[in-house]
Number of protein chains: 2
Amino acid sequence: MTDVVTEKPRRGRPPVSDEQRQQQRLEISRHAVRLFAEQGVANTSGEQIAQAAGVSERTFWRYFPHKEACVEPLLTKMVGAFCEVLRAWPAELELIDHLRAAYSPLLDGATDEDIEAVLEVVRLTQNEPALRAAYLTLRERAEHTLAEVLAGRTGLPQDAIEIRVQAAAVSAVLKVATDDVARSTSKGVTRDMLELHREQIADALRGLSRLR
Amino acid sequence: MTDVVTEKPRRGRPPVSDEQRQQQRLEISRHAVRLFAEQGVANTSGEQIAQAAGVSERTFWRYFPHKEACVEPLLTKMVGAFCEVLRAWPAELELIDHLRAAYSPLLDGATDEDIEAVLEVVRLTQNEPALRAAYLTLRERAEHTLAEVLAGRTGLPQDAIEIRVQAAAVSAVLKVATDDVARSTSKGVTRDMLELHREQIADALRGLSRLR
DNA sequence: CGATTAATGGCACTCTCTGCCACTAATTGA
DNA sequence: TCAATTAGTGGCAGAGAGTGCCATTAATCG
């Protein structure tokens, strides 16, 4: 009956935990991004990244299917943080108010270096088409998570057009605001700027209605 | 003074016109897309595409910087058509009403084969990550055009946050609706479906306001 | 026809990424 | 402590992607 978990008596070396793997990916990606910023994507080879990260080239290609994917671990930090906040969106609140109350973009749970690194990556995607494509792909994956949250609130199915449109719209708002804050912090980040970022998102959400 | 056009007494073979070049790109892309659909992107080599299109591999790579770009000519047809409609948006009309009045998605100016081909490509992008990335990149380029139109209507600068957000949102609406129509026409297209597509876009635009 | 400029094709070469295999690491049971 | 088992790593070979360079061909003008 319950074949849900066919208890296999595990033997042999156990696979590394998912967190460990993510950690390793993140570590490699830091080196990759630094090299991308210094020399450009085209001038940075997989071999170079692998060497900088202290693994063999073969192993590097096992961690990343293509070198553009090196930006994923860092960008996921940011997109994921937003999704988490959205998950915690209480039913009785307006989205804008919730964000004002709960969204400290990148502020909590991340070190200052991480914030700087993430913004650096976003800036990179603005000049490196290949990285931009990876970024856009990542964002679209995140839309599914957003849709899940929105579906939960409205009772509509997760793949309803209205839900998917709203998810895509929220994602678009976040994208534009993030691009903007990345640009405006190219000469250094201050708390003020990140606060401004949050207000921009709120404003932008309001601006959506003006389309009518 | 007027160095605007330094009249060069042209000599030698003239460069091919832009339209001719686009036409050639389109022709090659048809072969590419057919092969992509038949065998998958990964199993289709540049050499194969070139051979099918009747040009040398070297020339093929001059027309397309990477093979994923082969979907651009067809997809541009669709995105471009929408942008054109938006350009013609009269100031006194609501967007939704304008679309209802003026947007025959892919219907005018395109043969039936073209419609089928475009929808086929969109469907391809849903299963082929590499093509999806190219599609998303193309859409983001189109956002600039949308922003231009929206800026013109509101008097705001083209790079104002509000404008960029609205452009991204409209683009997102169109994306979701297009994905949907592509999916629902996998077994053949009818006029009805395309009409429905337009209504879905209108509905989706309305749905945006419900985010508040 | 010669001079000039554009487009194409061919060749060599680098880089990306994969399949395969040998080797090492971690774990369990005898 | 020693097989047996399973996972991760590195090395090597090779197909394919994409570029630089040069010779050849095509189109145009005087």
Side-chain angles (χ1 to χ4, degrees), chain A residues 6-29 31-32 35-36 38-72 128-131 133-134 137, chain B residues 6-29 31-32 35-36 38-72 128-131 133-134 137:
Chain A
T6 19
E7 270 310 330
K8 286 175 199 161
R10 294 242 60 267
R11 302 174 48 185
R13 175 181 185 171
V16 297
S17 70
D18 226 40
E19 306 96 72
Q20 275 193 41
R21 188 176 170 78
Q22 297 312 318
Q23 200 56 43
Q24 173 76 306
R25 264 173 68 91
L26 183 59
E27 182 54 29
I28 297 176
S29 83
H31 292 282
L35 291 170
F36 287 166
E38 285 173 10
Q39 342 167 340
V41 175
N43 296 321
T44 304
S45 68
E47 190 184 3
Q48 246 176 93
I49 300 172
Q51 195 168 351
V55 297
S56 77
E57 191 182 346
R58 189 62 189 83
T59 298
F60 167 72
W61 289 121
R62 268 196 272 260
Y63 275 94
F64 297 95
H66 43 261
K67 65 180 180 184
E68 292 77 22
C70 289
V71 295
E72 284 181 10
E128 294 273 4
L131 299 188
T137 303
Chain B
T6 17
E7 271 311 330
K8 285 174 201 162
R10 294 245 58 267
R11 305 175 45 186
R13 177 182 182 171
V16 297
S17 71
D18 226 39
E19 307 96 72
Q20 272 194 44
R21 185 174 173 81
Q22 297 311 319
Q23 200 56 42
Q24 173 77 305
R25 264 174 68 92
L26 183 59
E27 182 54 28
I28 296 175
S29 83
H31 292 281
L35 291 170
F36 287 166
E38 285 173 11
Q39 343 169 341
V41 176
N43 297 320
T44 305
S45 68
E47 190 184 1
Q48 249 177 90
I49 300 172
Q51 194 168 352
V55 297
S56 77
E57 191 182 345
R58 188 65 189 85
T59 298
F60 167 71
W61 290 121
R62 269 196 272 259
Y63 275 93
F64 297 95
H66 43 262
K67 66 179 178 183
E68 293 78 24
C70 289
V71 295
E72 284 181 9
E128 294 274 4
L131 299 188
T137 302

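As a basis for the values below, the full set of heavy atoms in this structure was taken, side chains included, without hydrogen atoms, waters or symmetry mates. Here is how names work: the chains are called A, B, and so on, in the same order as the sequence lines, proteins then strands, and each is numbered from 1.
Of the residues in residues 15-28 of chain A, those placing a heavy atom less than 4.0 Å from an atom of DNA chain D are A:Pro15, A:Val16, in numerical order. Residues from residues 40-51 of chain B lying near DNA chain C, meaning a heavy-atom separation below 4.0 Å, are absent.
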Pick out the pairs of N or O atoms, protein on one side and nucleotides 19-23 of chain D on the other, that lie under 3.5 Å.
from	atom 1	to	atom 2	distance (Å)
D:dG20	N7	B:Arg58	NH2	3.1
D:dG20	O6	B:Arg58	NE	2.7

Tabulate atom names and distances for all N/O pairs under 3.5 angstrom spanning the protein and nucleotides 27-29 of chain C.
none

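Not counting sequence neighbours, the partners of A:Glu47 by the side chain to side chain contact (heavy atoms under 4.5 Å, CB included) test are A:Ser45, A:Glu57. Under the rule for a side chain to side chain contact (heavy atoms under 4.5 Å, CB included), the partners of A:Gln39 that lie at least two apart in sequence or sit in another chain are A:Leu35, A:Asn43, A:Thr44, A:Gln48. Residues meeting the salt bridge (Lys or Arg N to Asp or Glu O under 4.0 Å) test with A:Glu72, sequence neighbours left out: A:Arg25, A:Arg141. Taking B:Phe64 as the reference, B:Phe60 meet the ring-ring contact (aromatic ring centres under 6.0 Å, His included) condition, with sequence neighbours excluded. In this view, A:Glu19 and A:Ser17 satisfy the side chain to side chain contact (heavy atoms under 4.5 Å, CB included) rule, not counting sequence neighbours. For B:Ala133, the side chain to side chain contact (heavy atoms under 4.5 Å, CB included) test picks out A:Ala133, A:Thr137, with sequence neighbours left out.
Taking 4.0 angstrom as the limit, B:Ser56 places a side-chain polar atom (N or O) nearer than this to OP1 or OP2 of C:dG9.
Direction of the helix axis in the helix from C:dC1-D:dG30 to C:dA30-D:dT1 shifts by 10° between the two five-pair termini, rounded to 10°.
A:Trp61 approaches A:Lys67 most closely through the heavy-atom pair CZ3-N, 3.7 Å.
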